[in-house]
Amino acid sequence: MVDRRPLIAGNWKMNFDHLRSIAFVQKLAWTLKDAKHSAAAVEVAVFPPFTDIRSVQTTIEADRLEFAFGGQDLSPFDSGAHTGDISGEFLAKLGCRYVIIGHSERRQDHHEDDALVTAKTLAAIKHGLVPVICVGETSEDLEKFGASAVPVGQLRTVLAELPKDADIVVAYEPVWAIGSGQAATPAQAQEVCAALRAVIAEVLGDDAAAATRVLYGGSVKSINIASFMREKDVDGALVGGASLDVEEFAKIVQFPKHVIA
Ligand code: 13P
């Protein structure tokens, strides 16, 4: 049985300028230090806007903080005439470990489809970044097809193009649960995360399925995180709104200490 280290990831979306990002990371560090958080037990990652990454990197490296960080998107291309885009090479050079790909807000706002998500995932892997591949159904999908069909289909398309030894993270984020305050139930999250793991097994093999972390995202808060983490196939969370409040995010990171009724 592979031991999957839980990952609590904060997707800041388009929040915090670089000055606030420094203050946030420092405050998170001392809050977790005071709470005797063990980075070996739970990995913490933040996903700042591109303009903050250099500041976050220097803060983390100068003080040897045990946080990973990553970009919220990347270009499928390495370089060239792509105004406004950011290459995986640049993110890797800044020390990013991860990059979020295919978030539903990018799928909606920028019309990203599974083919583009696949190309971006390949670009991430090429540059040594771990892609956090986001999948999830809308409320219309949920009504028509149930919870698993759409996210499973989205993931299958991407996985089909990846090398078998690709190091990836998968995030199940039902679109209807994002920013709505209406999280999926732990049982719903477990059902879809298990289905996603089964697709990983089918396409990349059993070892990859056992090693890959599958996260849940969508209205995760300190009051519900422990109930998700109790589920066998949920290995962490991709947190939006609640990741912008240091105290709340630190509480989420410390989910192993929570007592659930
Ligand atoms: P919320 O936690 O604000 O629902 O956002 C989830 C999300 O989209 C993380 O990527």
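Computed from heavy atoms alone, side chains included, the values below leave out hydrogens, waters and symmetry copies. Order of appearance sets the numbers: ligands from 1, and atoms from 1 within every ligand.
Residue contact check: S219 has heavy atoms under 4.0 Å from atoms 1 (P), 2 (O), 4 (O) of ligand 1. If you number the atoms of ligand 1 from 1 as listed, the ones under 4.0 Å from a heavy atom of G179 come out as 1 (P), 3 (O), 4 (O). Distances below 4.0 Å separate heavy atoms of N11 from the following atoms of ligand 1: 9 (C), 10 (O).
Residue A9 places no heavy atom under 4.0 Å from ligand 1. Heavy-atom distances between G218 and ligand 1 reach below 4.0 Å in at least one pair. Heavy-atom separations between K13 and ligand 1 include at least one value shorter than 4.0 Å.
The shortest contact between atom 3 (O) of ligand 1 and any protein heavy atom is with G241 N, 2.8 Å. Scanning all protein heavy atoms for the shortest distance to atom 2 (O) of ligand 1 gives G240 N, 2.9 Å. At the shortest separation from atom 9 (C) of ligand 1 among protein heavy atoms lies E173 OE2, 2.9 Å.
The main-chain N or O of T31 is never found under 3.5 Å from a side-chain atom of D34 such that the two would form a donor-acceptor pair. With hydrogens and angles ignored, the 3.5 Å screen pairs a side-chain donor or acceptor of N224 with a backbone N or O of S219. In this structure, R156 contributes its side chain and V203 its backbone to no donor-acceptor pair below 3.5 Å. Side chain of Q57 to backbone of L94: a donor-acceptor contact under 3.5 angstrom is found.
With a 4.0 Å heavy-atom cut-off, ligand 1 is reached by the backbone of A177 but not by any atom from C-beta on.
By the rule that hydrophobic residues join a cluster once side-chain heavy atoms approach within less than 4.5 Å of another member, V150 and V158 end up as members of separate clusters.
Atom CD of E61 sits in a crowded spot, with more than 12 heavy atoms from other residues, nucleotides or ligands closer than 6.0 Å.
Aromatic pair F69/F47: ring centres not closer than 6.0 Å.
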